[in-house]
Colleague: 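One structure, pasted below without further comment.
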Amino acid sequence: MSSPPKLTTIPHIVKEEVIASGKWLKLEKTTYVDPVGNTRTWETTKRTTRQANAADGVGIIALLKRTLHKDCVVMVKQFRPPIGCCTLEFPAGLIDADESAEIAALRELKEETGYKGEVVGVTPVTCLDPGLSNCTTQIVMVNINGDDLENTNPTQQLGDGEFVEVLLLPLDEFQREIDDLMKKEKIVVDSKVYIYGMGMSQAFFKPNELRVLKQ
């Protein structure tokens, strides 16, 4: 059995060359040095909209709280051309110039769902798919007062070409609702959403009762 290679170098980028560029995305050839000193190349996608010193976008975990109702997570369902079908996602969007993650989250939540909320937490900048892209996000936690008059009949503010369906999923049945939806419809669930559902199941039930462990 051969011994593992000796790590002699701190991996680093040598150069990045644009192969193709569109309005929203660009493809680059990234030349880098690996831990044993070999020079290699990688194909990398990047957003053209990134603002300096900021994440590319935000994802919003919005909890709708109403008197005499279960707490619900506000979700969005929409057709995604790269997937070729509808997806179930947290509300999300890009951070505009001069916006903080908090401001972008409240704006996107209002646009996509019609709800007005209050930010209660923000994650550090995290990566999305680091084997494919340098895209980053911040997850923003928002509470929505469902008893507020403005939130009793929310009105979306969608842009041209945006078609978003809002779904309210009970927090204590979140993963079950997702699993049932996947059985009924041709839909792909965002991995962040499903992982959140697994976490909620662990919070509400014993680990050995998790649905995913019974499959």
Colleague: Rounded to the nearest 0.5 Å, what separation is found between the CD1 atom of I144 and the CG atom of L109?
Modeller: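 The distance works out to 4.5 Å.
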Colleague: Does atom CG of D129 have more than 12 heavy-atom neighbours, drawn from other residues, nucleotides or ligands, at distances under 6.0 Å?
Modeller: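 Above 12, so yes.
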Colleague: In terms of heavy-atom contacts, does CD of E43 have more than 12 from other residues, nucleotides or ligands at under 6.0 Å?
Modeller: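 No - once you tally the heavy atoms of other residues, nucleotides and ligands closer than 6.0 Å, there are 12 at most.
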Colleague: Output yes when a side-chain donor or acceptor of T45 lies under 3.5 Å from a complementary backbone atom of L132, and no otherwise.
Modeller: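 Yes; at least one donor-acceptor contact below 3.5 Å.
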Colleague: Taking all atoms of both residues into account, what is the closest heavy-atom pair of V122 and A101, and its distance?
Modeller: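 Looks like CG1-CB, 4.3 Å.
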Colleague: How long is the gap from CD1 on I83 to CD1 on I187, to the nearest 0.5 Å?
Modeller: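 Here the interatomic distance stands at 11.5 Å.
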Colleague: Taking the side chain from R50 and the backbone from N134, do they hold a donor-acceptor pair closer than 3.5 Å?
Modeller: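 Answer holds: yes.
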Colleague: Check whether Q156 reaches the backbone of E112 with its side chain - one donor and one acceptor, N or O, closer than 3.5 Å.
Modeller: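 Checking the backbone N and O of E112 against the side chain of Q156, a donor-acceptor pair under 3.5 Å is found.
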Colleague: Would W24 and T49 count as a side-chain contact (heavy atoms from CB on, under 4.5 Å) if you check the C-alpha gap in whole Å, the side-chain angles of each, and the deciding distance to 0.1 Å?
Modeller: CA-CA 7 Å; W24 302 103; T49 53; 3.6 Å; yes
Colleague: For Q175 and Y196, which I'm curious about, is there any donor-acceptor pair between the side chains at under 3.5 Å?
Modeller: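 Short answer, no.
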Colleague: Is there a path of hydrophobic side-chain contacts, each under 4.5 Å between heavy atoms, that joins L167 and M182?
Modeller: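 Same hydrophobic cluster.
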Colleague: Are P91 and E108 packed together at the side-chain level, in the sense that at least one heavy-atom pair is separated by less than 4.5 angstrom?
Modeller: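 P91 does not reach E108 side chain to side chain.
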Colleague: Please check this pair: side chain of T137 against backbone of G57, looking for a donor-acceptor N/O pair closer than 3.5 Å.
Modeller: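 The answer is yes, because a donor-acceptor pair under 3.5 Å joins these two groups.
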Colleague: Going by side chain to side chain contact (heavy atoms under 4.5 Å, CB included), V142 matches just one of I61, V120, L64, L106. Which one?
Modeller: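 Going through the options one by one, the only one that passes is L106.
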Colleague: Which value, rounded to the nearest 0.5 Å, describes the distance between D172 atom CG and K70 atom NZ?
Modeller: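 Answer for the CG-NZ pair, D172 versus K70, is 4.0 Å.
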Colleague: Check whether V140 and L171 end up in the same hydrophobic cluster, where Ile, Leu, Val, Met, Phe, Trp and Tyr are linked by side-chain heavy atoms less than 4.5 Å apart.
Modeller: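 V140 does not cluster with L171.
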Colleague: Do the ring planes of W42 and Y32 sit parallel (below 30°), tilted (30 to 60°) or perpendicular (above 60°)?
Modeller: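 Ring orientation of W42 relative to Y32: perpendicular.
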Colleague: Please determine whether a side-chain nitrogen of the Lys or Arg among K110 and E150 lies less than 4.0 Å from a carboxylate oxygen of the Asp or Glu.
Modeller: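 Salt bridge present between K110 and E150.
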Colleague: Considering the options I19, V18, T44, which one meets the side chain to side chain contact (heavy atoms under 4.5 Å, CB included) requirement together with K29?
Modeller: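 For K29, the side chain to side chain contact (heavy atoms under 4.5 Å, CB included) check succeeds only for I19.
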Colleague: Step by step, work out the side-chain contact (heavy atoms from CB on, under 4.5 Å) result for T48 and L25.
Modeller: CA-CA 5 Å; T48 59; L25 299 172; 5.6 Å; no
Colleague: Any side-chain to backbone donor/acceptor pair from T41 onto T31? Under 3.5 Å, distance only.
Modeller: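 No, the answer is negative, given that no donor and acceptor are paired below the 3.5 Å cut-off.
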Colleague: Is there a path from I103 to I95 through hydrophobic residues (I, L, V, M, F, W, Y) whose side chains come within less than 4.5 Å of each other?
Modeller: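 Looking at the clustering, I95 is in a separate group from I103.
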Colleague: List the atom of A92, the atom of G59, and the distance in Å for their closest heavy-atom pair.
Modeller: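 Answer, listing the atom of A92 first, then G59: CB-CA, 4.0 Å.
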Colleague: Any donor-acceptor pair under 3.5 Å linking the side chain of T136 with the backbone of D56?
Modeller: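 A pair under 3.5 Å: yes.
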Colleague: Which value, rounded to the nearest 0.5 Å, describes the distance between M200 atom CE and L169 atom CG?
Modeller: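 M200 atom CE to L169 atom CG measures 13.0 Å (nearest 0.5 Å).
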Colleague: I need the minimum non-hydrogen distance between P35 and P11, along with the two atoms involved.
Modeller: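 Smallest heavy-atom distance, with atoms named: CG-CG, 3.6 Å.
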Colleague: Hey, are the side chains of D148 and K116 touching, using non-hydrogen atoms and a 4.5 Å cut-off?
Modeller: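 No, every pair of side-chain atoms sits at 4.5 Å or beyond.
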Colleague: For the hydrophobic clusters of this structure (ILVMFWY residues joined by side-chain heavy atoms under 4.5 Å, transitively), does one cluster hold both V76 and L158?
Modeller: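 Yes, V76 connects to L158 through the hydrophobic network.
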Colleague: Hey, does V36 have a side-chain heavy atom less than 4.5 Å from the side chain of K6?
Modeller: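 When only atoms from C-beta onward are counted, V36 and K6 do not touch, as no gap falls below 4.5 Å.
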Colleague: Determine whether C85 and V188 make a side-chain contact, defined as any pair of heavy atoms from C-beta on separated by less than 4.5 Å.
Modeller: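 When only atoms from C-beta onward are counted, V188 and C85 do touch, with a gap below 4.5 Å.
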Colleague: Would a hydrophobic clustering, with Ile, Leu, Val, Met, Phe, Trp and Tyr connected at side-chain separations under 4.5 Å, put M141 with Y194?
Modeller: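 Yes.
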Colleague: Quick one, D96 with R107, criterion side-chain contact (heavy atoms from CB on, under 4.5 Å). Give me CA distance, side-chain angles, the key distance, then yes/no.
Modeller: CA-CA 10 Å; D96 289 342; R107 173 181 56 78; 3.5 Å; yes
Colleague: Using side-chain contact (heavy atoms from CB on, under 4.5 Å), reason through R66 and C72 one step at a time and then give a plain yes or no.
Modeller: CA-CA 9 Å; R66 297 168 292 177; C72 289; 3.7 Å; yes
Colleague: Go through the steps for N145 and Y115 under the test side-chain hydrogen bond (donor to acceptor under 3.5 Å, both in side chains), then give the verdict.
Modeller: CA-CA 9 Å; N145 179 1; Y115 285 111; over 6 Å; no
Colleague: Test: salt bridge (Lys or Arg N to Asp or Glu O under 4.0 Å). Region: residues 186-203. Which pairs qualify, not counting sequence neighbours?
Modeller: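 Passing the test, one end in residues 186-203: D190-K192.
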Colleague: More than 12 foreign heavy atoms under 6.0 Å from CD of E118: is that the case here?
Modeller: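 Counting other residues, nucleotides and ligands, CD of E118 stays at 12 neighbours or fewer.
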Colleague: Is R40 salt-bridged to D34, cutoff N-O under 4.0 Å?
Modeller: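 D34 and R40: salt-bridged.
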Colleague: Rounded to the nearest 0.5 Å, how far apart are OG of S201 and CZ of R176?
Modeller: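 Separation between the atoms: 8.5 Å.
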Colleague: Any chance you could measure I178, atom CD1, to M75, atom CE, to the nearest 0.5 Å?
Modeller: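 It comes to 6.0 Å.
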Colleague: Has T123 got a side-chain atom pairing as donor or acceptor with Q138's backbone, closer than 3.5 angstrom?
Modeller: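 Checking the backbone N and O of Q138 against the side chain of T123, no donor-acceptor pair under 3.5 Å is found.
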